[in-house]
Novice: 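Okay, here's the structure, questions in a sec.
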Amino acid sequence: MHEPVPTASGVEEKRSAGKRSQIRWLMVVLVALATAIAYIDRANLSVASDSMQQELQFSDELKGIMLSSFFWTYAIFQLPGGWLVDRYGPRVLYAIAVVWWSIGTAATALTRGFAGVIGCRLALGVGEAPVQSANARVVSEWFPRKERAFASSIFDTGSEFGSALSVPLVTLLIALVGWRGSFVVTGALGLVWVAVWLLVYRSPRKQRWANRAEIDYIEQGGGRTEEKELEEGGKEPMKWRDLFRYSTTWALVAGYTCRGVIIYFFITWYPDFLVDQQGFSLLELGLFGAIPGLAAMVANWLGGLFSDWLVRRGTPLAMARKIPLVIGMLGASTIALASIAPNPVWALVFLTVSYCSAAVSTGALLSLPADVAPTPRNVASLTGVQNFGSQLGGIIGPIVIGFLLGTGQFAYVWPLVFAGAMCVLGAFFYAFVVQVKPLDEQRPMFG
């Protein structure tokens, strides 16, 4: 049996109305792969930096600046990046972004000094800035509410997979083709992905592989497709500046800033804590240091499944998102206990519980922009605004922890108490300030 389905252009296409297709999962796998490639490209410099330092002859101080330079443009361009995704759509903007950052990555092979490397890293930050916003827009278009948190968890684990794969992959490439060749190869990965993306990705009604049953399942379940909302008398997207009139928008930024502090602790100070405070050898760090991160990947998926399960069983959407968010953030505060752990085993246990708890909140957290956006063309903008908070936490957290360590008082006690306190503060924002309903149904703070 075939039924006509109107496309955005008004053309009638015949699609199978039989067993529901599952093309939406292909779409989220594609964006997860792009996220993994993004993290490989941003981590390439960390692995190759020693080889580069020997050849290009720059100091450790300049090396530190070089390693941080990516985040300068990455944080700043979160805001316009999300707006651009909403303006031009994820298909076009994602392709442009990946081509941009892939060229920036490959061009690192041509550099002859510090300034050239900095320029390539700044370009990389600009290119990767729209990734999270585009991912959220894809999930909002392709998934009903009851699957949105798990789908968000899937694309987020692309970052963890890319980070884990980058070390062995780039190390092997350096051994085979040198550090310059490693940047060329990893840059080429993105260009291959773009070719597949442009061939495969379309919005649900324009994707011929998705049948009528799947499109109905997505749209009737709350998928944020522009075509569906236009049919129902859809609204014009809210102006970007007007998003900031609502307390929920500011709470999304504040909550993600708090969460960013603990996530970036595991990216920055975590190895030093295990070695300096807990006495881990480098071998022990290599053997056991990955435990929290690996466990967090599983917790990420479980948190997304839990939020979606709550939606399916009829729990109000606000509670289905807030329960894993608040539980996750409060659980993450156990990082403070690692500073007074009686031995290294217990320290690692507390750190693993903390990281896993933070990961449990991920699926629900990444679903919030789609849940509160007044129109589909505001989803990516809100995601960019929210993700700016994460980068703000990544800037603030390491600096404050370093300052507290510099006081020489109680070693890591105050730094980890600070991180734990930020988790509790984040739970407050998600529990009492964020409203999980479209912004235009909320009372603005001003204006």
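Only a predicted model underlies this, so the values are computations on that prediction, with no experimental measurement involved.
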Novice: Which heavy-atom pair separates Val85 from Arg137 by the least distance, and what is that distance?
Specialist: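 Taking Val85 first and Arg137 second, the nearest heavy atoms are O-NH1, 3.6 Å.
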Novice: Please confirm whether the backbone N or O of Leu243 pairs with a side-chain atom of Thr249, one donor and one acceptor, at under 3.5 Å?
Specialist: yes
Novice: Given side chains that start at C-beta, do those of Ile401 and Pro398 come closer than 4.5 Å, heavy atoms only?
Specialist: no
Novice: Nearest heavy-atom pair of Tyr270 and Gly289: which atoms, and what distance?
Specialist: OH-O, 2.7 Å
Novice: What's the shortest heavy-atom distance between Phe273 and Ala347, and which atoms?
Specialist: CE2-CB, 4.5 Å
Novice: At what distance, to the nearest 0.5 angstrom, does CZ of Arg145 lie from CZ of Arg312?
Specialist: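 So the gap between those two atoms works out to 14.5 Å.
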Novice: Thr257 side chain to Gly389 main-chain N or O, any donor-acceptor pair under 3.5 Å?
Specialist: yes
Novice: Output yes when a side-chain donor or acceptor of Thr248 lies under 3.5 Å from a complementary backbone atom of Gln435, and no otherwise.
Specialist: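 A pair under 3.5 Å: yes.
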Novice: Check whether any side-chain heavy atom of Glu219 sits under 4.5 Å from a side-chain heavy atom of Pro204, and report yes or no.
Specialist: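 No - every pair of side-chain heavy atoms lies 4.5 Å or more apart.
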Novice: Determine whether a donor-acceptor pair (N or O, by modelled atom type, separation under 3.5 Å) exists between the side chain of Thr108 and the backbone of Gly104.
Specialist: yes
Novice: Is there side-chain contact between Leu189 and Thr105, with heavy atoms separated by less than 4.5 Å?
Specialist: no
Novice: For the pair Trp269 and Leu405, evaluate side-chain contact (heavy atoms from CB on, under 4.5 Å) and give the outcome as yes or no after the intermediate values.
Specialist: CA-CA 11 Å; Trp269 287 103; Leu405 284 173; 3.7 Å; yes
Novice: Can you check whether Tyr430 reaches Tyr256 side chain to side chain, under 4.5 Å on heavy atoms?
Specialist: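 A side-chain contact exists here, since the closest heavy-atom pair is under 4.5 Å.
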Novice: Between Phe77 and Trp83, is the ring centre distance below 6.0 Å?
Specialist: no
Novice: Give the intermediate values and the outcome of side-chain contact (heavy atoms from CB on, under 4.5 Å) for residues Leu252 and Val385.
Specialist: CA-CA 8 Å; Leu252 292 179; Val385 171; over 6 Å; no
Novice: Have Gln207 and Trp142 got a donor and an acceptor in their side chains that come within less than 3.5 Å?
Specialist: no
Novice: Evaluate the side-chain proximity of Tyr201 to Pro90: yes if any heavy-atom separation is below 4.5 Å, no if none is.
Specialist: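 Answer yes - side chains close enough.
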Novice: Would you indicate whether Trp250, at its atom CH2, is surrounded by more than 12 heavy atoms from other residues, nucleotides or ligands within a distance under 6.0 Å?
Specialist: no
Novice: Using the side chain to side chain contact (heavy atoms under 4.5 Å, CB included) rule, pick out the option among Thr334, Ile327, Val326 that qualifies with Leu330.
Specialist: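 Output: one option passes, namely Val326.
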Novice: Do the side chains of Leu439 and Leu382 get nearer than 4.5 Å, heavy atoms only?
Specialist: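 In short, these two side chains touch, coming nearer than 4.5 Å.
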Novice: Between Gln22 and Arg24, do the side chains contain an N or O donor and an N or O acceptor separated by less than 3.5 Å?
Specialist: yes
Novice: If you measure from OG on Ser354 to CE on Met329, what distance do you get to the nearest 0.5 Å?
Specialist: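 Reported to 0.5 Å precision, the distance equals 9.5 Å.
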Novice: Look only at the side chain of Thr186 and the backbone of Asp41, and say whether a donor-acceptor pair between them is shorter than 3.5 Å.
Specialist: no
Novice: Just how far is it from atom CH2 of Trp193 to atom OG1 of Thr35, taken to the nearest 0.5 Å?
Specialist: 8.5 Å
Novice: Given the rule in the side-chain contact (heavy atoms from CB on, under 4.5 Å) test, do Trp72 and Leu122 qualify, once you have shown the distances and angles that lead to the verdict?
Specialist: CA-CA 7 Å; Trp72 305 346; Leu122 295 176; 3.7 Å; yes
Novice: Quick one: closest heavy-atom pair of Met297 and Thr157, and the distance?
Specialist: O-CG2, 4.0 Å
Novice: Ring pair (Phe, Tyr, Trp, His ring centres under 6.0 Å) between Phe70 and Trp101: does it pass, once the steps are laid out?
Specialist: CA-CA 11 Å; Phe70 161 83; Trp101 94 55; 9.6 Å; no
Novice: Let's go through Leu302 and Val360 carefully: what are the C-alpha distance in whole Å and the side-chain angles of both, what is the deciding distance for side-chain contact (heavy atoms from CB on, under 4.5 Å) to 0.1 Å, and is it a yes or a no?
Specialist: CA-CA 7 Å; Leu302 292 177; Val360 163; 5.8 Å; no
Novice: Determine whether the side chains of Arg42 and Ser166 contain a donor N or O and an acceptor N or O closer than 3.5 Å.
Specialist: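 The criterion, which ignores hydrogens and geometry beyond distance, is not satisfied for Ser166 and Arg42.
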Novice: With no hydrogens and no angle check, is any side-chain donor or acceptor of Ser307 less than 3.5 Å from a backbone partner on Gly304?
Specialist: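 A pair under 3.5 Å: no.
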Novice: How many angstroms lie between atom CG of Leu348 and atom CG of Leu274, to the nearest 0.5 angstrom?
Specialist: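 Taking CG in Leu348 and CG in Leu274, the distance rounds to 6.5 Å.
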Novice: Determine whether Leu45 and Leu124 make a side-chain contact, defined as any pair of heavy atoms from C-beta on separated by less than 4.5 Å.
Specialist: no
Novice: So, are Arg321 and Asp308 salt-bridged, with charged N and O less than 4.0 Å apart?
Specialist: yes
Novice: May I ask you to check whether Ser21 and Trp209 show a side-chain donor-acceptor distance below 3.5 Å?
Specialist: no
Novice: For the atom pair CZ (Arg313) and NZ (Lys146), what is the distance rounded to the nearest 0.5 Å?
Specialist: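 Separation between the atoms: 14.5 Å.
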Novice: What are the two closest heavy atoms between Ser140 and Ala370, and how far apart are they?
Specialist: CB-CB, 3.7 Å
Novice: Between Glu214 (side chain only) and Ile23 (backbone N and O only), is there a donor and an acceptor less than 3.5 Å apart?
Specialist: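 Between the backbone of Ile23 and the side chain of Glu214 there is a qualifying donor-acceptor contact (under 3.5 Å).
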Novice: Take atom CZ in Phe418; do more than 12 heavy atoms of anything else shown fall under 6.0 Å from it?
Specialist: yes
Novice: Out of curiosity, Leu173 CG to Asn44 CG, how far, rounded to the nearest 0.5 Å?
Specialist: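 Rounded to the nearest 0.5 Å, the CG-CG separation comes to 8.0 Å.
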Novice: Kindly assign one of parallel, tilted or perpendicular to the pair Phe71 and Tyr264, based on the angle between their ring planes and the thresholds 30° and 60°.
Specialist: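 If you compare the ring of Phe71 with that of Tyr264, the planes turn out perpendicular.
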Novice: Could you label the plane-to-plane angle of the Trp346 and Phe350 rings as parallel, tilted or perpendicular, counting under 30° as parallel and over 60° as perpendicular?
Specialist: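 Tilted.
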Novice: Counting N and O atoms only, with roles assigned by atom type, does the side chain of Asn378 sit under 3.5 Å from a partner on the main chain of Pro237, one being a donor and the other an acceptor?
Specialist: no
Novice: With the side chain counted from C-beta on, respond yes when Tyr94 and Asn135 share a heavy-atom pair under 4.5 Å apart, and no when they do not.
Specialist: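 With C-beta onward as the side chain, the pair touches.
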Novice: Please report the closest heavy-atom contact between Leu310 and Met319, naming both atoms and the distance.
Specialist: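 It is CD1-O, 4.4 Å.
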Novice: Just wondering, more than 12 heavy atoms not from Trp100 lying within 6.0 Å of its CH2?
Specialist: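 No, because the 6.0 Å sphere around CH2 of Trp100 holds 12 heavy atoms or fewer from other groups.
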Novice: Is a side-chain N or O of Arg205 found less than 3.5 angstrom from the main chain of Ile215, in a donor-acceptor match?
Specialist: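 Not confirmed, Arg205 side chain does not pair with Ile215 backbone.
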Novice: What is the ring orientation for Phe244 with Trp240, classed by angle as parallel under 30°, tilted 30 to 60°, or perpendicular over 60°?
Specialist: perpendicular
Novice: With distance as the sole test, does Ser182 use its side chain to make a donor-acceptor pair with the main-chain N or O of Trp179 at under 3.5 Å?
Specialist: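 Answer holds: yes.
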